[in-house]
Structures are given as structure tokens and as C-alpha cells.
Amino acid sequence: MKYKFELLRQLKTNGIVAVIRAESKGQALKIVDFAYQGGIKAIEITMTVPGAIDVIKNISSKFSTELLIGAGTILDSETARLAILAGAEFIVSPHLDIEIIKTANRYQKVVMPGAMTVREVILSMEQGADVVKIFPSGLFGPEIIKAIKGPLPHAPLMPTGGINLNNLQEWFKAGAFCVGVGSSLTKDAIKKGDYAIVKDKAQEFISKYKEIEDQIENS
């Protein structure tokens with residue numbers, strides 16, 4: 001069992017959280033396999049995936065220490081608990097729900113409620129959030145991170161939505177703690193039925209993130 005501070009350190013070090021949405025359990029498992037082969041070490045299985053809890057159980061058993069596994073699109077505390085018992089180490093929701101935060105903290109798992117305004121970010125942190133998911137961040141671009149970081153420079157933020165290889169650097173320079181990457185990683189693979197594309201995309205994202213990290217450290 002890992003302590004919460006270890007999970008947070010992993011999220012920060014990995015930088016990229018692959019947000020997996022799929023049409024079936026089989027498809028989700030294929031995407032996870034190829035994302036891992038491409039270097040992704042943090043995976044968020046959304047509850048919109050059919051049989052999402054079973055997928056979390058499967059990859060938790062298969063990858064154990066190799067992957068940091070999370071559950072996303074968590075809408076209530078009951079689902080949060082099921083995901084945690086299945087092996088999820090972090091819980092992500094599109095909104096602020098105090099009971100979800102309480103459940104995650106009860107089990108000492110990282111919890112990331114969704115927010116968009118400064119008020120929501122403050123409320124999330126006051127209620128015990130570890131990281132605040134800025135969603136849908138694609139509507140505003142990296143400027144939303146800069147704007148929130150103005151009055152709240154200490155807020156750990158994970159933008160999700162609209163993040164791709166072309167704007168990845170802007171998000172981290174704006175102050176993102178980590179980023180959630182979904183369709184940019186998986187869309188082409190699902191459309192073409194060629195999941196090896198996920199591996200190639202993952203490698204590109206990881207390579208780009210390492211490059212960005214070096215630039216930020218040396219600036």
C-alpha cells in the first residue's frame with residue numbers, strides 16, 4: 001500500500017494522465033496495454049466505459065506496481081468506494097461532491113474534484129481535495145490556469161480537455177500540476193481500429209513532457 005504523498009509524487013513525476021474512454025471492456029484494456037507500452041504510467045478509467053470497475057480490477061491485478069490507476073467520471077461516493085476497492089489509487093470527478101472527497105480521504109486515496117472558477121477551486125481545497133481538475137479546460141485554454149494561479153499560486157491543478165501535443169508546453173508553463181489527456185491519445189486508434197497508434201502517441205507525449213520538464217527546471 002502506498003501513502004497518499006507517494007501517489008501525488010507519482011502523478012507529478014508522470015505528468016501525463018491518460019484518460020480512457022472506450023466502447024467496451026476489451027477496447028479499454030487494449031488502449032491501456034498500448035499506452036503503457038508507450039510509457040504512460042498514470043491511467044484514468046472513466047466510469048463511462050462499460051464494465052469500468054472490472055477493467056480497474058483487471059489492470060490493477062496485471063500491472064500492480066507499474067501503473068498508477070485511477071477512476072474518473074465518479075459521480076457519487078458509492079461508485080468512488082467501489083472503484084477504490086477494485087484498485088483505484090486516485091479518484092476524479094467532473095464536479096465538487098463533498099461525500100466523494102470524504103470517501104477518498106477515508107481510504108487515503110488521491111481525490112481530484114472538478115472545478116472551473118476560483119470559488120470552486122477554493123471550496124474543493126477547503127473540503128480536502130488533493131488536486132483540482134480544471135474541466136472542461138479546452139473551452140478556455142492555458143490562460144485559465146494562469147488566471148486561477150494568480151490569486152491561488154499554491155493550487156495544484158490538473159487541466160483536462162483540449163490538451164494535445166501542440167499546446168502541452170503552454171499548459172505546463174501556465175502552472176499545471178499534471179494534465180489529463182484523452183482523445184488526443186486515443187481518437188485515431190479507435191477510429192482506425194489500430195491500437196498501436198496509442199503506443200506511438202504515448203511515446204510522443206512522454207517525450208514532449210520530459211523535454212518541457214527540462215526546460216522549466218533550467219529556466
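Side chains are part of it too, since the values below use all heavy atoms of this structure and drop only hydrogens, waters and symmetry mates.
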Just wondering, do [Y] and [X] contact through their side chains at under 4.5 Å, heavy atoms?
| X | Y | answer |
| --- | --- | --- |
| Met116 | Phe135 | no |
| Ile100 | His95 | yes |
| Arg21 | Thr186 | no |

Residues Leu8, Lys12; criterion side chain to side chain contact (heavy atoms under 4.5 Å, CB included); working and verdict
CA-CA 6 Å; Leu8 285 165; Lys12 179 64 176 172; over 6 Å; no

Val19 and Met112: same hydrophobic cluster, using ILVMFWY side-chain contacts below 4.5 Å?
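Hydrophobic grouping puts Val19 apart from Met112.
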
Gln169/Gln215 under side chain to side chain donor-acceptor pair (under 3.5 Å): CA gap, chis, key distance, verdict
CA-CA 10 Å; Gln169 183 167 335; Gln215 288 177 5; 3.1 Å; yes

Output the distance between atom [atom1] ([X]) and atom [atom2] ([Y]), rounded to the nearest 0.5 Å.
| X | Y | atom1 | atom2 | value |
| --- | --- | --- | --- | --- |
| Ile45 | Ile43 | CD1 | CD1 | 6.5 Å |
| Ser184 | Ile163 | OG | CD1 | 8.5 Å |
| Ile91 | Asn105 | CD1 | CG | 11.0 Å |
| Ile16 | Ile206 | CD1 | CD1 | 5.5 Å |
| Ile56 | Ile20 | CD1 | CD1 | 11.5 Å |
| Asn167 | Lys173 | CG | NZ | 13.5 Å |

Does Ile74 form a side chain to side chain contact (heavy atoms under 4.5 Å, CB included) with Thr46? I'd like the steps, not just the answer.
CA-CA 8 Å; Ile74 298 292; Thr46 67; over 6 Å; no

Given 3.5 Å as the limit, does a donor-acceptor pair link the side chain of [X] with the main chain of [Y], or not?
| X | Y | answer |
| --- | --- | --- |
| Ser124 | Glu120 | yes |
| Asp76 | Thr79 | yes |
| Asp130 | Val111 | yes |
| Glu6 | Tyr3 | yes |
| Ser207 | Gln203 | no |
| Glu217 | Asp214 | no |

Taking all heavy atoms of [X] and all of [Y], pick out the closest pair and write down the distance.
| X | Y | result |
| --- | --- | --- |
| Ala22 | Ile31 | CB-CD1, 4.3 Å |
| Glu99 | Ser77 | O-CB, 3.6 Å |
| Pro113 | Leu96 | CB-CA, 4.1 Å |
| Gly15 | Phe172 | O-CZ, 3.6 Å |
| Val198 | Ala35 | CG1-N, 3.6 Å |
| Ala129 | Ile101 | N-CG2, 4.2 Å |

Residues in ring-ring contact (aromatic ring centres under 6.0 Å, His included) with Tyr36, at least two apart?
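Counting only residues at least two positions away or on another chain, Tyr36 forms a ring-ring contact (aromatic ring centres under 6.0 Å, His included) with Phe63.
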
For Tyr195, ring-ring contact (aromatic ring centres under 6.0 Å, His included) partners two or more places apart
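For Tyr195, no residue satisfies ring-ring contact (aromatic ring centres under 6.0 Å, His included) once neighbours in sequence are set aside.
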
Counting only heavy atoms from other residues, nucleotides and ligands, does the tally under 6.0 Å from [atom1] of [X] exceed 12?
| X | atom1 | answer |
| --- | --- | --- |
| Leu75 | CG | yes |
| Lys30 | NZ | no |
| Glu23 | CD | no |

Name every donor-acceptor pair, under 3.5 Å, that has one atom in a side chain of residues 80-87 and the other anywhere in the protein, sequence neighbours excluded.
| unit_1 | atom_1 | unit_2 | atom_2 | d |
| --- | --- | --- | --- | --- |
| Arg81 | NE | Tyr107 | OH | 2.9 |

Without placing hydrogens or testing angles, list every side-chain donor-acceptor pair under 3.5 Å for residues 147-161, not counting sequence neighbours.
| unit_1 | atom_1 | unit_2 | atom_2 | d |
| --- | --- | --- | --- | --- |
| Lys149 | NZ | Pro153 | O | 3.2 |
| Lys149 | NZ | Ala155 | O | 2.7 |

Show your reasoning for whether salt bridge (Lys or Arg N to Asp or Glu O under 4.0 Å) applies to Asp33 and Lys62.
CA-CA 10 Å; Asp33 277 337; Lys62 181 177 181 179; 2.8 Å; yes

Under the side chain to side chain donor-acceptor pair (under 3.5 Å) rule, what do Asn58 and Lys25 come out as? Steps first, then yes or no, please.
CA-CA 10 Å; Asn58 185 297; Lys25 287 193 288 186; over 6 Å; no

Could you pull out all residues at least two apart from Gln10 that satisfy side chain to side chain donor-acceptor pair (under 3.5 Å)?
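If we apply the side chain to side chain donor-acceptor pair (under 3.5 Å) test to Gln10, skipping adjacent residues, the hits are Lys2.
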
Pick from Ile134, Val179, Val181: which one makes a side-chain contact (heavy atoms from CB on, under 4.5 Å) with Trp171?
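Running side-chain contact (heavy atoms from CB on, under 4.5 Å) over Ile134, Val179, Val181 with Trp171 returns exactly one hit, Val179.
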
Quick test of your reading of the model: are Lys210 and Glu213 salt-bridged, counting only N-O distances below 4.0 Å?
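No.
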
Take Val32 and Leu67, measure what side chain to side chain contact (heavy atoms under 4.5 Å, CB included) needs, and give me the verdict at the end.
CA-CA 10 Å; Val32 170; Leu67 272 180; 3.9 Å; yes

Any salt bridge (charged side-chain N to carboxylate O under 4.0 Å, His left out) pairs touching residues 108-119, not counting sequence neighbours?
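Output for this query lists Glu89-Lys109.
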
